[in-house]
Amino acid sequence: MASRLDRIAEQRREKLDRIRASGINPYPHKYHRSHTTQQATDLLKQKEDGLTQEEEVSVAGRIMANRPMGKISFLDIRDSTGKIQLCFHKEYLSEENLGLFKDLDIGDIIGTSGKLFRTKSGEPTLEVEDLTLLAKSLQPLPEKWHGLSDIDKRYRQRYLDLIANAEAREIFRVRSQVITVIRQFLNQRGFLEVETPVLQPLAGGALARPFTTHHHTLDQDFYLRIAIELHLKRLIVGGFDRVYELGRIFRNEGISTKHNPEFTMLECYQTYADYNDVMSTVEGMVSQISQQVLGTAKVEFGDDTLNLKPPWQRLELRQAIIKYSGIDFEEYPDVGSLREAMLGLNIEVDPQKDRGRLIDELISTFVEPNIIQPTFLLDYPVDMSPLAKAKPDNNRLVERFEAFAGGIEIANAFSELNDPIEQRQRFLQQQKQRQAEGEIVESIDEDFLLALEYGMPPTGGLGVGIDRLVMLLTGQQSIREVILFPQLREKNEGKHES
RNA sequence: GGGCCGUUAGCUCAGUUGGCAGAGCACCUGACUUUUAAUCAGGGUGUCACAGGUUCGAGACCUGUACGGCCUACCA
């Protein structure tokens with residue numbers, strides 16, 4: 001703690017002491033502002049248009065710039081709606097205000113009141129009559145022109161990133177609105193928003209390494225959920241015809257520009273629907289989000305312009321893999337022959353991988369990077385989709401699709417398997433597979449199977465990675481740019497700072 | 001986990017062949033009554049990420065460590 005105080009600019013502490021000595025509380029409890037900076041600017045325009053006589057306002061915000069001109073000074077303050085220029089005439093200020101004014105710094109939070117006017121150059125300005133310090137800043141802000149660009153610092157001290165970089169503020173504003181529109185979209189269609197456990201005795205619904213934790217009173221180990229799926233399907237059994245959850249998922253796996261250990265997933269389930277209906281839901285929802293949040297269905301991503309307007313292209317997975325890699329997985333019904341064929345493609349083929357994961361490898365290596373315009377890949381091998389219902393005419397394939405755009409996966413959906421006996425067989429087969437690979441085998445979620453045995457209506461289910469969707473809509477190439485506090489390794493040095 | 005690259009003032013960045021640690025912004029002092037990246041005059045505020053090593057001398061060269069970035073690997 002002491003070392004941190006040592007680093008605080010000495011002058012600012014002196015100013016703080018002076019302010020306190022003059023009887024001013026540098027950290028008061030509240031301030032009544034009559035207008036945001038945006039509202040104040042609008043009010044001035046209304047007055048100029050003769051729509052109002054009002055000109056007295058009080059505004060509050062952080063000092064972002066100071067331009068002293070001798071007897072007058074221009075300062076900019078910013079709040080979350082924008083900024084406004086303040087004009088201080090030193091001659092007009094009270095003695096107390098003048099003393100305080102001299103000890104102000106860029107970064108301080110202040111409240112001011114006075115009359116609105118426009119300068120010669122047309123800048124909306126508040127002629128300050130009264131000044132209140134709301135919070136003294138003891139740390140210098142990042143540079144005004146270049147902003148903050150040190151990536152490490154931008155993520156660890158996100159508040160500085162938000163203060164310094166308008167683009168960062170915009171990304172998180174968009175993210176918030178995307179989630180708002182998703183809720184609107186689903187609520188309007190009769191979906192019920194629910195919350196299901198994050199702490200689970202079994203981590204099911206996906207195959208990923210979970211985080212583990214322990215509950216002391218129960219003296220029981222728990223997993224942090226890796227998917228929401230199995231609980232939402234229990235609710236479908238329970239009679240809710242349309243449910244969704246927007247929630248945090250945790251996967252104890254690698255960190256990359258497309259993976260964060262905790263991320264946000266939307267899962268929604270609708271009864272009496274199959275994956276064709278879900279496709280309509282996805283393309284409708286994503287295009288509406290884009291239209292409502294960005295005002296357009298066309299988004300720039302990398303060097304491409306993506307057109308999110310429905311209908312999106314539909315392409316059978318088998319045909320897509322043939323198109324981009326030349327391999328027809330239907331011709332290689334077993335692991336050995338498929339691996340053989342893939343070796344001819346000059347890519348590394350992990351001998352541990354089963355057929356499903358080999359196909360997954362083909363998708364991520366050859367197909368995914370090539371799918372720029374929004375596209376549904378349809379009909380996945382049953383090997384890699386244990387929770388999806390088989391196609392009526394081909395039990396090696398399931399009614400499943402993944403949606404891709406800009407080279408990244410944004411949604412995964414299927415006609416849900418609701419035959420409890422087949423579901424049990426799929427789980428058992430999966431267990432056998434994992435066992436053969438010498439991996440840790442999770443026990444089967446018997447409670448979920450029991451729920452299915454009571455009868456689950458035909459259901460279409462969907463999962464959407466919200467972080468990746470926001471990447472797409474904001475043109476960001478790294479998931480850390482759309483997560484406020486992405487996971488970083490803790491620094492050993494500098495820990496004393498906090 | 002592996003490979004490559006990076007880390008210099010509060011921020012953004014220079015730093016030549018190994019020879020006194022630099023600039024802009026911020027900050028401090030002074031001038032200035034309509035500026036807006038205000039301007040003008042003056043002031044450098046530093047554990048060169050950390051720890052060793054080579055050398056008369058290291059920000060630079062070597063080794064290791066930490067953190068980050070990119071690629072790769074892992075990834076229902």
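Atoms considered below: every heavy atom in the structure, side chains included; atoms not considered: hydrogens, waters and symmetry mates.
- Distances shorter than 4.0 Å separate none of the side-chain N or O atoms of Arg67(A) from OP1 or OP2 on rU35(B).
- The side chain of Pro140(A) has rA26(B) as its nearest neighbour among rA26(B), rC28(B), rU35(B).
- For Thr257(A), taking side-chain heavy atoms from C-beta onward, the closest of the listed nucleotides rC28(B), rC70(B), rU12(B) is rC70(B).
- Heavy-atom contacts from other residues, nucleotides or ligands closer than 6.0 Å to CD of Glu167(A) number 12 or fewer.
- Using Watson-Crick or G-U wobble geometry with both donor-acceptor distances under 3.5 Å, rC75(B) finds no partner in any strand shown.
- rG46(B) and rG22(B) are spaced 14 Å apart, taking the P atom of each and rounding to whole Å.
- Distance from the side chain of Arg489(A) is smallest for rC67(B) among the nucleotides rU12(B), rC67(B), rA73(B).
- Side-chain atoms of Arg480(A) lie closest to rG69(B) of the nucleotides rC28(B), rU34(B), rG69(B).
- OP1 or OP2 of rU12(B) sits under 4.0 Å from a side-chain N or O of Ser149(A).
- In this structure, the separation between CG on Leu93(A) and CG on Leu100(A) is 9.5 Å, given to the nearest 0.5 Å.
- Nearest to the side chain of Arg156(A), among rG68(B), rC75(B), rG10(B), sits rG68(B).
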Give me, pair by pair, the N or O atoms of the protein and of nucleotides 29-33 of chain B that are less than 3.5 Å apart, along with how far apart they are.
unit_1  : atom_1 : unit_2   : atom_2 : d
rC32(B) : N3     : Gly70(A) : N      : 3.1
rU33(B) : OP2    : Lys71(A) : N      : 3.4
rU33(B) : O4     : Glu91(A) : OE1    : 2.9
rU33(B) : O4     : Glu91(A) : OE2    : 2.9

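- Closest to the side chain of Asp105(A), out of rC75(B), rC28(B), rG10(B), is rC28(B).
- Considering only the side chain of Gln85(A), rU35(B) comes nearest among rU35(B), rA37(B), rC28(B).
- Inspection of the Asn97(A) and Asp130(A) side chains reveals an N or O donor paired with an N or O acceptor under 3.5 Å.
- Side chain of Leu488(A), nearest nucleotide from rG69(B), rG10(B), rA26(B): rG69(B).
- As judged by a 4.0 angstrom heavy-atom cut-off over every strand, Leu141(A) is placed among residues making no nucleic acid contact.
- Residue Ile151(A) has its side chain nearest to rG69(B) when only rU12(B), rG69(B), rC28(B) are considered.
- For Lys144(A), the listed nucleotide lying nearest its side chain is rA26(B); candidates were rG24(B), rA26(B), rA73(B).
- Only the C1' atoms considered, rC27(B) is 25 Å distant from rU33(B), to the nearest whole Å.
- Asp79(A) and Thr37(A) are linked by a side-chain donor-acceptor pair at a separation below 3.5 angstrom, with hydrogens and angles left out of the test.
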